[in-house]
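I have placed the structure first, in the form of structure tokens, so that the comments after it can refer back to it.
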2 protein chains.
Amino acid sequence: MQDKITAILRKHQLSITEARKKILSLFWETGNALAHGDIEQKSSEDFDRVTIYRTLQTFVEKGIIHTIPTSDNSVRYALCKDECAAGHHHDDHVHFICDDCGTTYCIDEVSVPKVKLPKGFSAIQTDLVISGTCNKCEQ
Amino acid sequence: MQDKITAILRKHQLSITEARKKILSLFWETGNALAHGDIEQKSSEDFDRVTIYRTLQTFVEKGIIHTIPTSDNSVRYALCKDECAAGHHHDDHVHFICDDCGTTYCIDEVSVPKVKLPKGFSAIQTDLVISGTCNKCEQ
DNA sequence: AATATTTTGCAACAAAGTTGCATTGTTGTA
DNA sequence: TACAACAATGCAACTTTGTTGCAAAATATT
């Protein structure tokens with residue numbers, strides 16, 4: 001586990017620090033997406049708020065995590081698949097946000113459909129975000 | 001124009017006030033989506049910040065405008081089509097955010113494709129947000 | 001092990017959003 | 001049109017969220 005974490009950091013030419021190891025393992029452990037606030041709650045005693053901001057920013061730049069747009073002013077982050085290189089994200093999967101429990105999932109099974117845009121519009125990034133009820137909250 | 005504005009407000013059982021008329025006409029005039037900041041810039045002399053927050057919130061609840069998720073912690077708002085009822089938004093069109101000029105468009109011509117989710121997941125709202133270069137910024 | 005480089009924490013700040021309450025504006029009714 | 005009932009606004013104070021510069025600490029390099 002710790003080996004995997006340090007390997008990822010080294011692969012992206014980042015120095016191995018406590019903050020980065022901790023935050024990266026949080027993503028691995030939960031499996032789902034995390035907002036800045038989630039991480040702050042789970043590690044506020046260990047690290048300064050500023051460190052979390054900077055670490056997340058670094059991870060996004062390096063292609064370790066990607067952002068998921070939301071309608072509630074709380075951007076979430078999730079681990080990228082291996083194909084993501086620095087600055088070039090390829091997260092063509094659907095994101096699902098549960099209205100009940102708030103969990104954000106990466107639905108890898110479904111890929112984002114290609115969309116034909118009007119003349120003059122060219123797409124760089126496409127985000128498909130679905131909200132509703134997840135498989136844990138359905139009854 | 002003013003008639004149309006007041007008609008919309010009355011239709012949603014809202015009292016006709018200066019702030020609501022002004023903010024609603026801003027949406028009609030620009031045609032595109034607006035962030036809270038945009039509205040504040042264009043009417044900060046006329047209204048208090050708090051009034052803008054509350055007005056936008058009211059409009060969303062009543063189904064007059066809907067939110068557009070973004071990755072930069074700045075939710076945008078756009079006019080709903082007639083089908084939107086209070087609390088039940090049906091905005092199955094694509095949103096486009098230009099990386100150059102920042103303008104957010106509702107692309108009505110394209111509708112959001114239906115997506116098959118894994119077992120146990122049920123969709124209530126689907127947002128397809130595309131970013132790239134718009135038809136005014138291409139050269 | 002010593003130095004160069006990077007990262008972190010702190011402090012101070014800026015921006016964004018919220019809440020309570022008195023004042024003002026709007027609506028419906030007589 | 002005037003009045004009472006109600007809703008919306010502005011103000012102030014506050015909380016939360018995000019940013020920046022710089023010294024101290026940790027990490028990497030030789």
Side-chain angles (χ1 to χ4, degrees), chain A residues 2-3 5-26 33-62 64-65 67-77 86 102 104, chain B residues 2-3 5-26 33-62 64-65 67-77 86 102 104:
Chain A
Q2 277 297 316
D3 292 354
I5 300 292
T6 54
I8 294 175
L9 291 175
R10 198 159 293 152
K11 180 181 158 194
H12 292 90
Q13 296 157 356
L14 291 173
S15 40
I16 320 289
T17 70
E18 286 307 310
R20 287 173 180 169
K21 280 194 285 184
K22 178 70 187 288
I23 291 174
L24 195 45
S25 27
L26 278 179
L34 295 170
H36 172 93
D38 299 327
I39 297 169
E40 200 171 324
Q41 283 188 330
K42 296 184 184 180
S43 64
S44 59
E45 297 141 18
D46 309 325
F47 307 111
D48 194 79
R49 267 163 14 90
V50 181
T51 302
I52 300 174
Y53 280 111
R54 291 197 268 226
T55 304
L56 288 174
Q57 195 179 306
T58 306
F59 284 1
V60 170
E61 283 165 5
K62 290 289 184 177
I64 299 175
I65 59 178
T67 57
I68 302 167
T70 65
S71 294
D72 64 347
N73 272 328
S74 75
V75 172
R76 323 240 167 132
Y77 303 86
T104 303
Chain B
Q2 277 297 316
D3 293 354
I5 300 291
T6 55
I8 294 175
L9 291 174
R10 198 159 293 153
K11 179 181 156 193
H12 291 91
Q13 295 158 356
L14 291 172
S15 41
I16 320 289
T17 69
E18 285 308 309
R20 287 174 180 166
K21 280 194 286 183
K22 178 70 187 285
I23 291 174
L24 195 45
S25 29
L26 278 178
L34 296 171
H36 172 93
D38 298 328
I39 298 169
E40 199 171 325
Q41 283 188 330
K42 297 183 185 183
S43 64
S44 58
E45 296 142 19
D46 308 325
F47 308 111
D48 194 78
R49 265 162 17 90
V50 181
T51 301
I52 300 173
Y53 280 112
R54 292 197 267 227
T55 303
L56 289 174
Q57 195 177 308
T58 305
F59 284 1
V60 171
E61 284 164 4
K62 290 288 183 177
I64 299 176
I65 59 177
T67 57
I68 302 167
T70 64
S71 292
D72 65 347
N73 272 328
S74 76
V75 172
R76 325 246 166 129
Y77 303 86
T104 303

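We name chains A, B, ... by the order of the sequence lines, and we start the count at 1 in each one.
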**OP:** Would you confirm whether B:R20, through its side chain, and B:T55, through its main-chain N or O, come within 3.5 Å as a donor-acceptor pair?
**Re:** no
Original post:
Is there a donor and acceptor pair, one atom on the side chain of A:R49 and one on the base of C:dG9, closer than 3.5 Å?
Top reply: no
Original post:
A:E40 has an atom CD; how far is it from atom C1' of C:dG9, in whole Å?
Top reply: 14 Å
Original post:
Heavy-atom distance under 4.5 Å between the side chains of B:L14 and B:K62, does that happen here?
Top reply: yes
Subject >> Residue-phosphate contact under 4.0 Å: B:T17 side-chain N/O, D:dT9 OP1/OP2 >> reply: yes
Original post:
To the side chain of B:V50, which of C:dT18, D:dT9, C:dG9 is closest?
Top reply: C:dT18
Original post:
What integer distance in Å separates A:R54:CZ from D:dC22:P?
Top reply: 13 Å
Subject >> Whichever of B:D46 and A:V75 has its nearest DNA chain D nucleotide further upstream toward 5' >> reply: B:D46
Subject >> Atom-pair distance (CD on A:Q57; C1' on D:dT17), nearest Å >> reply: 15 Å
Original post:
At what distance, to the nearest 0.5 angstrom, does CD1 of A:I23 lie from CD of A:E18?
Top reply: 11.5 Å
Original post:
Does a nitrogen or oxygen in the side chain of B:N73 sit under 4.0 Å from OP1 or OP2 of D:dG18?
Top reply: yes
Original post:
By a strict heavy-atom criterion of less than 4.0 Å, which residues belonging to residues 18-25 of chain A are in contact with DNA chain D?
Top reply: none
**OP:** Nearest whole angstrom, please: distance from the P of C:dA15 to the CG of B:D72.
**Re:** 16 Å
Subject >> Below 4.0 Å: OP1/OP2 of C:dT27 and any side-chain N or O of B:S15 >> reply: no
Original post:
Between A:T70 and A:S74, is there a donor-acceptor pair closer than 3.5 Å when you use the side chain of the first and the backbone of the second?
Top reply: yes
Subject >> Side-chain touch B:Y77/B:T67, heavy atoms, less than 4.5 angstrom >> reply: yes
Subject >> Close side-chain approach of A:I8 to A:F59, heavy-atom, < 4.5 Å >> reply: no
Subject >> Distance, rounded to the nearest Å, where B:Y53 contributes OH and D:dA8 contributes C1' >> reply: 18 Å
Subject >> Polar side-chain atom of A:T51 near backbone of A:F47 as donor-acceptor pair, under 3.5 Å >> reply: no
Original post:
Can you tell me how far P of C:dA16 sits from CG of B:D38, to the nearest Å?
Top reply: 11 Å
Subject >> Atom-pair distance (CZ on A:F47; C1' on D:dA25), nearest Å >> reply: 14 Å
Original post:
How many Å lie between CG on B:D48 and P on D:dA8, as a whole number?
Top reply: 16 Å
